[in-house]
Amino acid sequence: MSDTPDTGAWRRLRARPSAVVAAAVLAALALLALGAPLLTALEGQDPTTYHDQLVDSARGGVPYGSFGGIGADHWLGVEPGTGRDLFARLLYGARVSLSVALGATVVQVLLGVTIGLAAGLGGRLLDAVLSRFTDVLLALPMLVFAVALTAIVPAGFPRPLLLILVIGLLSWGGTSRIVRAQTLSLRSRDHVAAARLAGRTPVQIARRELLPALAAPVLTYAALLVPTNIVVEASLSFLGIGVTPPTSSWGQLLSTATTWFRADPLYVLLPSGCLLVTVLACTVLGDAVRTALDPRERSRLAVGTRRAAARPPKGATR
Amino acid sequence: MTAYVLRRTGGALLVLLLLSVTVYALFYVAPGDPAKLACGPRCNAEQIAQVREQLRLGEPLPLQYLHFLQGLVAGRDYSTGTGVLHCPAPCFGLSYQNDQPVAQLLASRLPVTASLAVGAMVLWLLLGVGTGLLAALRRGGATERVLTVLTLTGTATPVFITGLLLLMIFCATLQWLPFPTYVPLTEDPEQWAWNLLLPWTTLALLESAKYARLTRSATLETLAEDHIRTFRAYGLRERRIVGRHALRGALPPVVALNAVDLGTMFGGAMLTESLFGLPGIGRLTVESVRTVDLPVVVGAVLGVGAAVVLAGAVADVLYALADRRVTLP
């Protein structure tokens, strides 16, 4: 393992077809999300305009036409009930889903690295307190706490930012645990001892000696945090507690889809598909990054070893 | 062993105490006036003052917390203008919405959540351990690769997507199953199971992936041990070795994980309950967050916390009992 980007790891990553496909899918998705204003302008629609004339009010608001009203004007049809353009809502939803997930990951990594370093470099007492706190945080069902926390935030607070903060503040535990473990093993190394003898402060040691070596494991773990965060955002929005209309996210679309799945199946399938493809691509890529960076995985002999890192962080959200 | 159990229980209780302090401080110090929330939007200043008196919001916070703890242990009385509302122990407070004690509200939703949890657990154990064993038996083959992809998809798919797809297929298109509504077990066991089948399956599909992976790796690990090699040398059939002896090695981690998962499930499966419209604890939590019913939110969060922390303690003890190699700290 390395202080510099390992060219061997890069080669191993590119040699896996699944990783390349996953990366391509994610790149395409990022482009679609970034180009949302452009693409919807090309379609001639926007995500917030109601089209009452396109939905059948006699049947409760089901879109006219087959497959949810797909046509030249509305490429993926319209939202039942409101008649808002579904293509535009999906693309703008992608922006919210992805940026919340990435933002939350940044918060998690910053907090996790800071707290992990403090626990690893600080005294015994600090380590004990921080580690115990991390254990408790990891054990608690994060979604329940995220839901509960949104109750005490004023209604005017921007929801995407709130989601970033809530998700980030509640699940940095995994990162901090990894950073602490790495720090404990690194700090007995010669270069760290030399830096300490030279009179460097813990902050300087952390920055100059430890952070470069921590980059690889933290990056690996963060890659697996992103899909989890996408699901958590979608879950909160699905429960009606995350993003609220007129802002859309995939989870928000799905939460309204629950009432329409009989009349307009496509309205369920499109956001579900987007969410699933993204989460799977992220997971596959994250797993590939982990394998590529892990020296023990260079040979495929690691069958049946119980490694905690092999599990995606904090999986199930019920 | 007894000393270990006692120590573990003590640790769990300490964690719960700290959790209650944090949660209480977080929710009752937060912006927004509890008295105003409790009273509702149509209250005048005088009524708000009365509620403030009733909730003892004038007291310093540590004292308020002590009263809260006292209520948890011994119950508590709330005086309204006209009479006294008694909240028996464990008292988390009274719901802002309908003045019902929170513990009573939670208890009324418990049968739904428990039905969901226990049924789903049976399914995920069957599915997960079975798949894991199969993967371990067919290691290196195409079957294992297919199973790996399936379990990866299983863990990555949120329940509301699995659930929606199942609803679309089995209720809307094929019409084999009813749209789930909760029928109490005591009323009609057949309808109870029939209605819960879809929610159970939804949860089991998500959870079983984890168990499959755990069973597979633990089984393979046991298969690499010396006594298995001895069995092989004696010429025991592979099926018997895996089914009997390797599975035994895989059990302790599965049992421990299951205790934790079951504990978490008793805190309510918010997404599943909301999707299928089952009136369990999870749905109560979501509803009370929407109406900012703070005592219910705090009660639900502490309830979940207690369930998880206790389940963790139980899991540790079970693990130690099941696997003699574990040295007790």
Side-chain angles (χ1 to χ4, degrees), chain A residues 18 132-133 135-136 139-141 143-145 147-155 157 227-228 230-232 234-236 238-241 250-251 254-255 257-258 261-263 265 268-269 271-273 275-276 278-284 287 303-307 310-312 315-318, chain B residues 15 18-19 23 26-27 30-32 136 139 152-153 155-161 164-165 167-168 172 203 206-207 209-210 213 216-221 223-224 253 260-261 264-265 267-272 274-275 282 285-286 288-290 292-294 297-298 300-301 304-305 308-309 312:
Chain A
S18 59
R132 202 77 198 100
F133 187 58
D135 288 347
V136 173
L140 293 173
L143 198 65
V144 178
F145 277 75
V147 166
L149 273 182
T150 55
I152 53 171
V153 177
F157 201 85
T228 316
I230 293 179
V231 172
V232 174
S235 307
L236 288 171
F238 175 78
L239 291 173
I241 282 161
W250 295 334
L254 279 170
S255 86
T258 48
F261 66 90
R262 262 183 286 189
V268 176
L269 294 176
S272 304
L275 194 64
L276 266 188
T278 314
V279 170
L280 265 184
C282 279
T283 313
V284 168
D287 212 48
V303 173
T305 49
R306 234 184 265 171
R307 257 173 287 108
R311 270 184 272 131
T317 49
R318 292 169 262 246
Chain B
V15 167
L18 287 176
L19 185 70
V23 169
L26 208 58
F27 282 91
R139 58 190 170 279
L152 196 65
T153 321
T155 32
T157 315
V159 279
F160 47 88
I161 291 187
L164 269 174
L165 293 181
L167 270 177
M168 279 169 73
L203 278 171
L206 174 82
E207 294 291 319
K210 211 164 49 179
R213 203 145 40 177
R216 177 187 162 275
S217 67
T219 310
L220 286 175
E221 196 168 310
L223 279 177
V260 173
D261 276 342
T264 318
M265 287 284 304
M270 286 191 297
L271 294 167
T272 314
S274 298
L275 172 62
T285 314
V286 177
S288 53
V289 165
R290 287 215 196 107
V292 203
D293 196 343
L294 287 184
V297 176
V298 169
V301 166
V304 177
V308 170
V309 170

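The analysis underlying the following values was restricted to heavy atoms, covering all of them including side chains, and did not include hydrogens, waters or symmetry mates.
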Q: Would you mind checking which part of L294(B) comes under 4.5 Å of any heavy atom in chain A, side chain (CB onward), backbone (N, CA, C, O), both or neither?
A: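 Only the side chain of L294(B) comes within 4.5 Å of chain A.
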Q.
Which atoms of V23(B) are under 4.5 Å from chain A, going by heavy atoms: the side chain, the backbone, both sets, or neither?
A.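 The side chain, not the backbone.
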Q | Closest non-hydrogen atom pair between A172(B) and R262(A), with its separation | A |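 In terms of heavy atoms, the two residues are closest at CB-CG, 3.6 Å.
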**Q.** Residue list, side chain to side chain contact (heavy atoms under 4.5 Å, CB included) with L280(A), at least two apart or on another chain
**A.**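 Side chain to side chain contact (heavy atoms under 4.5 Å, CB included) list for L280(A), sorted by chain: T153(B), A156(B).
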Q: Report the residues that fulfil side chain to side chain contact (heavy atoms under 4.5 Å, CB included) with S272(A), sequence neighbours left out, ordered by chain and then residue number.
A: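 Residues passing side chain to side chain contact (heavy atoms under 4.5 Å, CB included) with S272(A): L254(A), V268(A), I161(B).
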Side chain / backbone / both / neither for [X] at chain B, heavy atoms under 4.5 Å:
X	answer
F261(A)	both
L149(A)	both
P265(A)	both
V136(A)	side chain
I241(A)	side chain

Q.
Let's go through L236(A) and L143(A) carefully: what are the C-alpha distance in whole Å and the side-chain angles of both, what is the deciding distance for side-chain contact (heavy atoms from CB on, under 4.5 Å) to 0.1 Å, and is it a yes or a no?
A. CA-CA 8 Å; L236(A) 288 171; L143(A) 198 65; 4.1 Å; yes
Q.
Please rank T219(B), L165(B), V304(B), D293(B) by heavy-atom pairs under 4.5 Å with chain A and give me the top one.
A.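 Winner by heavy-atom pair count: V304(B).
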Q.
Quick check on the interface: out of V284(A), T150(A), I230(A), V144(A), who has the most heavy-atom pairs with chain B under 4.5 Å?
A.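 Counting heavy-atom pairs under 4.5 Å, the top option is V144(A).
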Q | Residues T285(B), V297(B); criterion side-chain contact (heavy atoms from CB on, under 4.5 Å); working and verdict | A | CA-CA 6 Å; T285(B) 314; V297(B) 176; 5.5 Å; no
Q) Can you list the steps and then say if T258(A) with F238(A) is a side-chain contact (heavy atoms from CB on, under 4.5 Å)? A) CA-CA 9 Å; T258(A) 48; F238(A) 175 78; 3.6 Å; yes
(Q) As an exercise, state the distance from OG1 of T272(B) to CE of M265(B), rounded to the nearest 0.5 Å. (A)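 If I round to the nearest 0.5 Å, the distance is 6.5 Å.
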